[in-house]
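Notes follow the structure.
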Number of protein chains: 2
Amino acid sequence: MNKIDLDDCPIALAQKILGGKWALRILYNLSTGILRFGELNRQMPELTQATLTKELRRLESFQLINRKVYPEVPPRVEYSLAEMGLKLLPVLRELEIWGDEYKKNTLNNN
Amino acid sequence: MNKIDLDDCPIALAQKILGGKWALRILYNLSTGILRFGELNRQMPELTQATLTKELRRLESFQLINRKVYPEVPPRVEYSLAEMGLKLLPVLRELEIWGDEYKKNTLNNN
DNA sequence: CCGCATCCCACTGGATACTG
DNA sequence: CAGTATCCAGTGGGATGCGG
């Protein structure tokens with residue numbers, strides 16, 4: 001039933017995958033390079049481990065990020081952008097520009 | 001408390017404003033030009049009048065779209081992109097490209 | 001250190017009916 | 001035609017505690 005949307009509208013697909021509250025933030029953080037779980041969490045202290053884990057798994061299932069586990073003790077897990085995640089960089093850049101501009105334009109209004 | 005995010009991270013701001021389930025779809029439809037309420041609704045039959053109204057009001061409050069009411073009978077209301085909405089066009093274009101690409105790359109995998 | 005399981009709440013957004 | 005009003009369900013995401 002929602003296959004119709006996804007076929008017709010790439011934006012609907014994008015919204016479905018990138019929607020959520022954290023997806024873009026996570027990808028944005030990863031755009032600077034590989035990060036470990038704890039590092040990601042420290043850059044976004046507002047979300048809990050549980051939520052971060054869920055989001056990472058979701059993004060992984062959509063093949064936007066890679067998850068590399070090192071069989072060590074203590075464990076180490078590194079996240080990085082996968083191919084489709086890398087292709088999202090132009091979007092993130094434009095979005096960043098827009099967000100900055102928006103803040104400037106609404107400083108006096110809000 | 002979330003002012004911290006908004007100051008630090010333009011992406012968080014963008015996600016807050018553009019999040020939702022329909023924001024990007026609506027803006028995407030309006031990117032082709034001015035549309036009346038009914039036309040918008042026809043292009044997205046999956047959402048109800050009530051939901052569409054709410055989203056339009058929200059986007060208007062963020063100054064992404066303009067709402068022009070014609071004092072006629074039957075009433076006519078036209079929606080168009082406002083300044084900050086127009087500045088979102090590059091994002092929408094990149095997102096569209098990405099969505100199309102994503103579909104291609106996942107045809108055999110899904 | 002990294003993450004899973006469980007529980008739970010708030011809020012988004014949908015259904016439906018009515019109106020100028 | 002373009003809404004409002006009301007009510008309600010689903011789910012996204014947070015809190016907490018345990019485990020390898």
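Labels below follow one simple rule: chain letters A, B, ... track the order of the sequence lines, proteins then strands, and each chain is numbered from 1. Because only heavy atoms are used, hydrogens play no part in the values below, and waters and symmetry mates are left out as well, while side chains stay in.
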Nearest-Å distance for atom pair CG/P, residues B/Leu47 and C/dT12 = 16 Å
Closest-nucleotide ordering on DNA chain C, the 5'-leading residue of A/Pro74 and B/Gly20 = A/Pro74
B/Glu72 CD to C/dG20 C1', in whole Å, measures 15 Å
Among all residues two or more places apart in sequence or in another chain, which pass the salt bridge (charged side-chain N to carboxylate O under 4.0 Å, His left out) test with A/Glu78?
-> A/Arg76
I'd like a list of close polar pairs between nucleotides 3-5 of chain C and the protein, N/O only, cut-off under 3.5 Å.
| residue | atom | partner | partner atom | Å |
| --- | --- | --- | --- | --- |
| C/dG3 | OP1 | A/Arg67 | NE | 3.2 |
| C/dG3 | OP1 | A/Arg67 | NH2 | 3.0 |
| C/dG3 | OP1 | A/Tyr79 | OH | 2.8 |
| C/dG3 | OP2 | A/Tyr79 | OH | 3.1 |
| C/dG3 | O3' | A/Arg57 | NH2 | 3.3 |
| C/dG3 | N7 | A/Gln49 | OE1 | 2.8 |
| C/dG3 | O6 | A/Gln49 | OE1 | 3.4 |
| C/dC4 | OP1 | A/Arg57 | NE | 3.0 |
| C/dC4 | OP1 | A/Arg57 | NH2 | 2.0 |

Roughly how far apart are A/Tyr70 OH and A/Arg36 CZ, rounded to 0.5 Å?
-> 9.5 Å
Degree of bending, the helix from C/dC1-D/dG20 to C/dG20-D/dC1 (end axes from five pairs; round to 10°) | 60°
Contact span of DNA chain D against chain A, any nucleotide atom under 4.0 Å from a heavy atom, 5' to 3', runs D/dG13 to D/dG20
Show me the donor-acceptor pairs within less than 3.5 Å that the side chains of residues 79-86 of chain A make with the rest of the protein, sequence neighbours left out.
| residue | atom | partner | partner atom | Å |
| --- | --- | --- | --- | --- |
| A/Tyr79 | OH | A/Arg67 | NE | 3.3 |
| A/Glu83 | OE2 | A/Lys87 | NZ | 3.2 |

Heavy atoms of A/Trp98 and B/Ala14 approach each other most closely as CZ3-CA, 4.1 Å
Between atom OG1 of B/Thr106 and atom CG of A/Leu13, what is the distance when rounded to the nearest 0.5 Å?
-> 7.0 Å
What's the CE-C1' distance between A/Met44 and C/dC2, to the nearest Å?
-> 15 Å
Pairs satisfying salt bridge (charged side-chain N to carboxylate O under 4.0 Å, His left out), at least one member in residues 55-65 of chain A, at least two apart = A/Glu55-A/Arg58
Take the protein atom CG of B/Leu24 and the nucleotide atom C1' of C/dT12, then report the distance between them rounded to whole Å.
-> 16 Å
Please name all residues satisfying salt bridge (charged side-chain N to carboxylate O under 4.0 Å, His left out) with B/Glu39, sequence neighbours left out, ordered by chain then number.
-> none
When rounded to whole Å, the CH2 to C1' distance for the pair B/Trp22 and C/dG14 reads 10 Å
Listed by chain and number, what are the side chain to side chain contact (heavy atoms under 4.5 Å, CB included) partners of B/Pro90, not counting sequence neighbours?
-> A/Glu94, B/Arg93
How many angstroms lie between CG in B/Leu27 and CG in B/Leu89, if you round to the nearest 0.5 Å?
-> 9.0 Å
side-chain contact (heavy atoms from CB on, under 4.5 Å), paired with A/Ile26, selected from A/Leu35, A/Leu52, A/Leu64 | A/Leu52
Please identify each residue that fulfils side chain to side chain donor-acceptor pair (under 3.5 Å) with A/Thr48, with sequence neighbours left out.
-> A/Thr51
Calculate the interatomic distance between A/Gln15 atom CD and C/dG13 atom C1'; express it in whole Å.
-> 13 Å
Gap between atoms CG and P, on B/Leu52 and C/dT16 respectively (whole Å) | 18 Å
